[in-house]
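Bear in mind the structure is a predicted one, so any value in this text is a computation, not a measurement.
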Amino acid sequence: ERNQADVSEAKSGRTDLIFLIRFRHCCLLRNQRCLLAYLYDRLLRIRALRWEYGSVLPNTIQFHMSAEEVEWFNRYKKSLATYMRSVGGEEGLDLTQDIKPPKSLYIEVRCLRDHGEFEIDDGTTILLKKNSQHFLPRWKCEQLIRQGILEHVLS
């Protein structure tokens with residue numbers, strides 16, 4: 001507002017205010033660039049949260065987000081889900097399953113609690129009992145690892 005008032009005075013003939021007007025304008029542009037950089041960084045971090053935590057954010061993280069950020073997260077989540085359903089045939093393709101490329105297609109897992117029978121795509125049925133160890137396809141047991149039923153055994 002002070003800059004606009006000084007501009008109207010400078011138009012009427014006070015040329016000594018031009019440097020002050022330019023200085024204030026440069027400060028405003030710098031602050032705008034800093035603010036946009038901050039908001040863009042937050043947007044990238046919120047997008048990364050979708051890949052790290054999945055489609056539901058923990059309350060401790062969501063508490064620190066504004067309503068607009070939560071809304072943007074939900075729209076990004078829906079957009080990503082729509083895209084994943086559109087590729088990969090009938091079932092779609094879950095891009096969030098393997099963030100890092102797997103070193104092998106099969107992994108050794110230990111069952112942490114009784115789960116019952118578990119069927120693999122080739123029709124083999126495996127009984128998942130507490131403390132039993134199995135060599136299973138990675139993509140088939142990722143969900144059970146996240147649920148805490150299986151544990152990846154690292155040799």
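Among R146, R110, R113, the single residue meeting the salt bridge (charged side-chain N to carboxylate O under 4.0 Å, His left out) criterion with E151 is R110. When each of H64, R45, R42 is tested with E69 by the rule side-chain hydrogen bond (donor to acceptor under 3.5 Å, both in side chains), just one qualifies, namely R42.
At least one side-chain heavy atom of I145 sits under 4.5 Å from a side-chain heavy atom of I107. Looking at R138 and L105, their side chains never come closer than 4.5 Å, going by heavy atoms from C-beta outward. Within the 4.5 Å cutoff, no side-chain heavy atoms of M84 are placed close to those of L93. Counting only heavy atoms from C-beta outward, the side chains of L43 and Y40 approach each other to under 4.5 Å. When side chains are defined from C-beta on, L28 does not count as touching Q32, because their heavy atoms never get closer than 4.5 Å.
Heavy-atom minimum distance, S55 versus F73: O-CE2, 3.7 Å. Taking every heavy atom of both residues into account, L57 and Q62 meet most closely at O-OE1, 3.9 Å. The shortest heavy-atom contact between S132 and L127 is OG-O, 4.2 Å.
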Q.
Is there a side-chain contact (heavy atoms from CB on, under 4.5 Å) between D114 and K129? Walk through the geometry before answering.
A. CA-CA 4 Å; D114 291 337; K129 290 179 123 182; 3.8 Å; yes
Q: Would you please test I46 and Y76 for side-chain contact (heavy atoms from CB on, under 4.5 Å) and show each step?
A: CA-CA 9 Å; I46 292 169; Y76 179 72; over 6 Å; no
Q: Applying side-chain contact (heavy atoms from CB on, under 4.5 Å), run through L128 and L144 and close with a yes or a no.
A: CA-CA 11 Å; L128 296 177; L144 294 174; 4.0 Å; yes
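With hydrogens and angles disregarded, a donor-acceptor distance shorter than 3.5 Å links the side chain of T82 to the backbone of K78.
Here E68 contributes atom CD and W72 contributes atom CH2; the two are 14.0 Å apart, rounded to the nearest 0.5 Å.
In this structure, R2 does not pair ionically with D6, as no charged nitrogen and carboxylate oxygen lie closer than 4.0 Å.
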